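Notes for the one structure printed next.
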Amino acid sequence: MNSANYLYLSAMLFTIGAVGVVIRRNAIVVFMCIELMLNAANLAFVTFARINGTLDGQVIAFFTMVVAACEVVVGLAIIVTIFRSRRSTSVDDASLLKR
Amino acid sequence: MTDTPILQYSFLAPILIVLGGAVIGVLVEAFVATKRRASIQLSIALFTIFVSFISLLRIRNLTSAKAAFNSVMIDGPAIFMQGTILLIAFFAVMIIGDVDHFTAQASAVPGSEEEKSAVQTGRQQTEVFPLTLFAVAGMLLFPAASDLITLFVALEVLSLPLYLMAGLSRRRRLFSQEAALKYFLLGAYSSAFFLFGAAFLYGFSYSVTLAGIHAAVIGGTANNVFLLIGLLFVSLGLLFKVGAVPFHAWTPDVYQGAPTAVTLMIGGAPKLAAFAMTMRLLVDGLLPLAIDWQQMLVVLSVGSLFIGNLAAIAQTNLKRMLAFSTIAQMGFMLIGLLSGVSNGNTLLAANAYSSAMFYVITYVLTTLASFGVILLLARAGFESEEITDLAGLNQRSPLYAGVMAVCLFSLAGVPPLVGFYAKLSVLQALLAPGQTGGLILAIFAVMMSLIGAFYYLRIVKVMYFDQPLTATTVSAPQDVKVVLTLNGALILILGLVPGGLMTLCAQSIVKALGT
């Protein structure tokens, strides 16, 4: 199968994630969209590594997964604290700071 | 094809020492009695930064050395930036050293019994110190990273602790948590863009090192669409950290919501690191594309100058005003970055990049002092952040009013303070012979600085000519007093004799350009 198709898929996933961050209101869903964007980048890395036959891109994919896991830890910590004090994870409710 | 990985520990020592100190800090947090933690943590943090600085001094003469399997490049600008970051971090840790600014238990619900009892019994958590050290380690790695993966990891190591720190305020915790959420979501969003861009740079050059990408750009046979996507997205991720328009949305909210001690941190050292990295990526990696990214930077800098200065006028909250002023100042700094190359001629590059570097260093010094003063006013039990809180500061504490006034005059660009020379050298670079089309941008930038002078000087007026709202004098620990006075004096002295720092900047850049 033509490897370029994987790049199209990656670009589509990235776009879905990027649009999702902007239009969704639940902090958890926004966060999932960001994870989707990271995975889209991973797919692009792996595809390029495959096209070229080098391993660098595949190694980077592993690094990205680790970093994404760290980000989940920090992100969920922040979101859970906010939920405990407000009983809501909507990013619209978090608007004490004036726009 | 595999070489044995050699890590060159001596080159990496400054970074590793800070990371080690952070890990020890985490252990202290787990095992040492609550009462003694704060002072031990502070000593560990300061000692770590000091030792790291010493180990950096030992390698200060390296011009271009690779470490950790070519992932880290220790050269002139990297060492210079690392040194400055460590110095700034030392100042910042001394100023934030008072744990009274931070929540006793970050996990407790604001206003709950749990929180009250934690404060009363003095069960104060001090995780802010190890978090600071982790962030500093990320900042040290950032200017030295020379491949995409190290760059990405450094970006995250720098950012993740700062997200958490933004939510640690003791007072006004809901604001603080909200700032943390916003900072985190937008920061993670921008690092996703960065990573996607990095994927396409890799797809373009089939190399993850900046040198490899540079070679591929010069070769010019590969797919240019990939290159442009990569350039755009990677720059987006980095400029988010710098906080230039249109990636500035987080700045005012985070500056206002985060505890002032953390704002001081966020507003200072990360800007240096991000600047150093932007320069390395654009200059080391993508110099042949200068014509493309210069146009991009022109748009960003005009936007930042315009929005930053105009929005700052309308603010009543001091921290928020300083946030918009940061945006404007970063716009000015970008002018230095964009005026290096003209028609493929890199002769002027050293001058322009060193002016930008000078600008960002002096800016960070000024931010440190101004937020330090705001922090001191908050000690009386409430979070001082409205401009009116500064009313009559001169009668309450002439010293701090003086330091603040020096900072504000410097930010406004009044001679003989350092801010004036920073602006002057950037404009000189922009108008250097051989540059084309710089005149309009220069006039625009000067006009915007004039507008900026209005809101800076308004605060000076409030401090010196308005009646104070309270009669309480400002008390501060002796060490903080010394640090702030030193900092204010530095702004003045560097303004009178800017030559030394200018030369240092220029030398480090010339070493990097290798011409």
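Naming convention: chains lettered A, B, ... in sequence-line order (proteins, then strands); numbering from 1 in each chain. Side chains are part of it too, since the values below use all heavy atoms of this structure and drop only hydrogens, waters and symmetry mates. Predicted, not measured: the structure shown is a model, and the values here were computed from it.
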So what's closer than 4.5 Å to chain B heavy atoms on [X]: side chain, backbone, both or neither?
X: A:C33; result: neither
X: A:A49; result: both
X: A:F45; result: both
X: A:I60; result: both
X: A:L36; result: neither
X: A:S10; result: both

Identify the heavy atoms of [X] and [Y] that sit nearest to each other, and give their distance.
X: A:A41; Y: B:A199; answer: O-CB, 3.9 Å
X: B:V208; Y: A:D56; answer: CG1-CB, 4.0 Å
X: B:Q177; Y: A:T81; answer: NE2-CG2, 3.4 Å
X: A:A44; Y: B:F200; answer: CB-CE1, 4.5 Å
X: B:L174; Y: A:R86; answer: O-NH2, 3.5 Å
X: A:A27; Y: B:L185; answer: O-CD2, 4.4 Å

Only residue of B:F196, B:F204, B:F226 satisfying ring-ring contact (aromatic ring centres under 6.0 Å, His included) with A:F48 is B:F226

Side chain proximity check, A:E71 to B:S159, heavy atoms < 4.5 angstrom: no

Heavy-atom check, side chain of A:I51 versus side chain of B:Y206, under 4.5 Å: yes

Using heavy-atom distances under 4.5 Å, tell me whether B:F152 contacts chain A through its side chain, its backbone, both, or neither. side chain

At a heavy-atom separation under 4.5 Å, does B:A198 approach chain A through its side chain, its backbone, both, or neither? both

Are A:F31 and B:Y189 near enough that their ring centres are under 6.0 Å apart? no

Check this for me: [X], atom [atom1], are more than 12 non-hydrogen atoms of other residues, nucleotides or ligands nearer than 6.0 Å?
X: B:R170; atom1: CZ; result: yes
X: A:R25; atom1: CZ; result: yes
X: A:F83; atom1: CZ; result: yes

Criterion side-chain contact (heavy atoms from CB on, under 4.5 Å) on A:T54 and B:Y202, from CA distance to verdict: CA-CA 11 Å; A:T54 54; B:Y202 172 65; 2.8 Å; yes

Atom pair [atom1]/[atom2] of [X] and [Y] - distance to nearest 0.5 Å:
X: B:S191; Y: A:M37; atom1: OG; atom2: CE; answer: 8.5 Å
X: A:T64; Y: B:L195; atom1: OG1; atom2: CG; answer: 4.5 Å
X: B:E178; Y: A:I78; atom1: CD; atom2: CD1; answer: 12.5 Å

Please determine whether side-chain contact (heavy atoms from CB on, under 4.5 Å) holds for the pair A:V59 and B:I149, giving the CA-CA distance in whole Å, both sets of side-chain angles, and the decisive distance to 0.1 Å. CA-CA 9 Å; A:V59 174; B:I149 185 63; over 6 Å; no

